[in-house]
Amino acid sequence: MTSDRSRPPQPGKDSRRAYLVFGIGVLAYFSAVAQRTSFGVATVDAAERFGTAASALSLVSLMQVLVYAALQIPVGVLVDRFGARAMVSAGALLMTVGQVQLALADTVAEGVVARVLVGAGDAATFVCVMRLIPAWFSALRVPLLTQVVGVFGNLGQLVSVIPFAWVLDRAGWFPSFLGLAALALLAGTLAAALLRDAPPGVEVLHRRLGLRRTGQVLRESLAEPGTRLGFWVHFTTQFAGNTFVLMWGYPYLEYAQGLPDTTISVVMTSFVLTNLAVGLALGGLTARRPERRVRLSLTVTAGIFAAWTVLLVWPGTAPAAVVLAAVCVIAISMPASMIAFDITRSFNPPRRSGTAMGIANVGGFTASVLAIFVIGFVLDLLYAAGFRDELYAPDAFRIAVAAQFLIAGGGAVGVLATAARVRRRHGPDAV
């Protein structure tokens, strides 16, 4: 196992400047999450604005996530070449343009273009911020700070749940999305002004990374079983929470569980706060016990789908307290998915860390694309077949949501298979 946990800190690491850079990076990711999750809050409004069915509406979010996933490896290569400062700034600019486009959109096609731009900008943010952590901090701090990025970045969802939802309800579509565009522009400006790729005198970029060398770095990253394990851990742990917040959470809570808007806001806020509480604990645990990372990720996944099982088999609508508890368990998927990046970083040297983390980050968003599409497809199929008179009927939602179990099962098989390969190459205590 390649480990950097015992190396002495380098000059400039763990400094005040390091924490300033880290803070700007977290702000950039905070903004990106707000942009990413905003459409999920506006799903019902979008259905009315665009006049479309569930599968066509899911195409808007589906294309956003698909573009995000497809760009992860190219972004990983580009950040190794050009650095986080350039990539995060460019990503924020793309999200600004995308949200302005969505504010003006009147059709599904225009909405898809807007979310493609948001997805592309979002893709250029997370992996690039993660690239900053090992460059600016000593190895023992990296696992916890990795979780902090996820936790505080995901607080950006609160922007969607509270102020964005409030403005959307009272002022309408255009002002609400224009406000998010302003947040993205602010984050991009600060990133361009204050982000630095590494402490002074430390070179972490491949300034001469050409096409041939790019291919070699990509092959080396894929050949490392620890990278593939990171992919499958991310695939398995992240998609349940991602699917919930990006597309189907609000409609499910409103139509399948019959919750009023105020209660939905409380539930979704609790989702975010759970990320905060659990993420910090997971970061400390993975730093102390790296050999339990795979076991921990599978345990979290089992808990998430146990919570879904409770909701799906509950006769009628579940009590609000039960829904709240189940959603908080589902929320653990977001901080748990960060384990994938700690695994990936542990088995790859800094020179290819961006590429390797980009590969791992594809996992959860690939699974999210599958889940978002399948749920919308099943809902439309049941409606067309006359299963119920309403598109978002509670019984139809039960069947559609249950399709996620197949995706989780496939991911768990991938985790177990690649974990065995990692242990054969790096030792039984590697993961």
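Excluded from the calculations below are hydrogen atoms, water molecules and symmetry mates; all remaining heavy atoms, backbone and side chain alike, are included. Everything numeric in this text was worked out from a predicted model, so none of it was measured.
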Quick check for you: to the nearest 0.5 Å, what is the distance between [X] atom [atom1] and [Y] atom [atom2]?
{"X": "Arg131", "Y": "Arg345", "atom1": "CZ", "atom2": "CZ", "result": "12.5 Å"}
{"X": "Arg228", "Y": "Ile359", "atom1": "CZ", "atom2": "CD1", "result": "10.0 Å"}
{"X": "Ile332", "Y": "Ser337", "atom1": "CD1", "atom2": "OG", "result": "12.0 Å"}
{"X": "Thr355", "Y": "Ile73", "atom1": "OG1", "atom2": "CD1", "result": "8.5 Å"}
{"X": "Phe239", "Y": "Phe244", "atom1": "CZ", "atom2": "CZ", "result": "13.5 Å"}
{"X": "Phe347", "Y": "His426", "atom1": "CZ", "atom2": "NE2", "result": "5.0 Å"}

Next on the checklist: Working note: Leu229 + Val415, criterion side chain to side chain contact (heavy atoms under 4.5 Å, CB included); need CA distance, chi angles, decisive distance, verdict.
Outcome noted: CA-CA 6 Å; Leu229 177 59; Val415 169; 4.2 Å; yes

Can you confirm whether [X] sits close enough to [Y] that some side-chain heavy atom of one is under 4.5 Å from a side-chain heavy atom of the other?
{"X": "Val33", "Y": "Phe152", "answer": "no"}
{"X": "Leu195", "Y": "Leu132", "answer": "yes"}
{"X": "Leu253", "Y": "Val267", "answer": "yes"}
{"X": "Ser221", "Y": "Met357", "answer": "no"}
{"X": "Val401", "Y": "Trp308", "answer": "yes"}
{"X": "Phe235", "Y": "Ile407", "answer": "yes"}
{"X": "Thr236", "Y": "Ser297", "answer": "no"}
{"X": "Thr269", "Y": "Leu158", "answer": "yes"}

Taking [X] as the fixed residue, which of [options] is the one that meets the side-chain contact (heavy atoms from CB on, under 4.5 Å) rule?
{"X": "Phe341", "options": "Val233, Asn361, Ile133, Val149", "answer": "Asn361"}
{"X": "Ser333", "options": "Thr243, Asn242, Ile304", "answer": "Ile304"}
{"X": "Arg115", "options": "Gln35, Met63, Gln99, Glu110", "answer": "Gln99"}

_Under a plain distance cut-off of 3.5 Å, with no hydrogens placed, do Arg293 and Ser346 share a side-chain donor-acceptor pair?_
yes

(message) Applying ring pair (Phe, Tyr, Trp, His ring centres under 6.0 Å) to Phe164 and Phe177, what does each step give before you reach the verdict?
(response) CA-CA 8 Å; Phe164 172 77; Phe177 281 103; 5.0 Å; yes

What pair of heavy atoms forms the shortest contact from [X] to [Y], and how long is it?
{"X": "Phe82", "Y": "Asp197", "answer": "O-OD2, 4.2 Å"}
{"X": "Ser31", "Y": "Ala184", "answer": "OG-CA, 3.4 Å"}
{"X": "Arg425", "Y": "Pro225", "answer": "NH1-CD, 3.2 Å"}
{"X": "Leu94", "Y": "Gly121", "answer": "CB-CA, 3.8 Å"}
{"X": "Ala400", "Y": "Val378", "answer": "CA-CG1, 3.7 Å"}
{"X": "Ser89", "Y": "Gly188", "answer": "OG-O, 3.8 Å"}

**Request:** Decide if the gap between the ring center of Phe126 and the ring center of Phe365 is smaller than 6.0 angstrom.
**Result:** no

**Message:** Please evaluate residues Leu311 and Gln257 with respect to the criterion side chain to side chain contact (heavy atoms under 4.5 Å, CB included), reporting the C-alpha separation (whole Å), side-chain torsions for both, the decisive distance (0.1 Å), and the verdict.
**Reply:** CA-CA 9 Å; Leu311 292 179; Gln257 293 296 341; 4.2 Å; yes

Donor-acceptor contact below 3.5 Å, side chain [X] vs main chain [Y]:
{"X": "Trp136", "Y": "Arg196", "result": "yes"}
{"X": "Asp14", "Y": "Ser138", "result": "yes"}
{"X": "Ser38", "Y": "Ser160", "result": "no"}
{"X": "Thr227", "Y": "Ala223", "result": "no"}
{"X": "Gln64", "Y": "Val60", "result": "no"}

Specify whether Phe22 and Phe137 have parallel, tilted or perpendicular ring planes, treating 30° as the upper limit for parallel and 60° as the lower limit for perpendicular. perpendicular

Original post:
What orientation do Tyr252 and Phe397 show, parallel under 30°, tilted 30 to 60°, or perpendicular over 60°?
Top reply: perpendicular

**OP:** Check the pair Leu190, Leu27 against side chain to side chain contact (heavy atoms under 4.5 Å, CB included), reporting the backbone distance first and the verdict last.
**Re:** CA-CA 9 Å; Leu190 290 174; Leu27 175 63; 3.4 Å; yes

List the steps, then state whether side chain to side chain contact (heavy atoms under 4.5 Å, CB included) holds for Met268 with Val245.
-> CA-CA 8 Å; Met268 297 302 285; Val245 301; 4.3 Å; yes

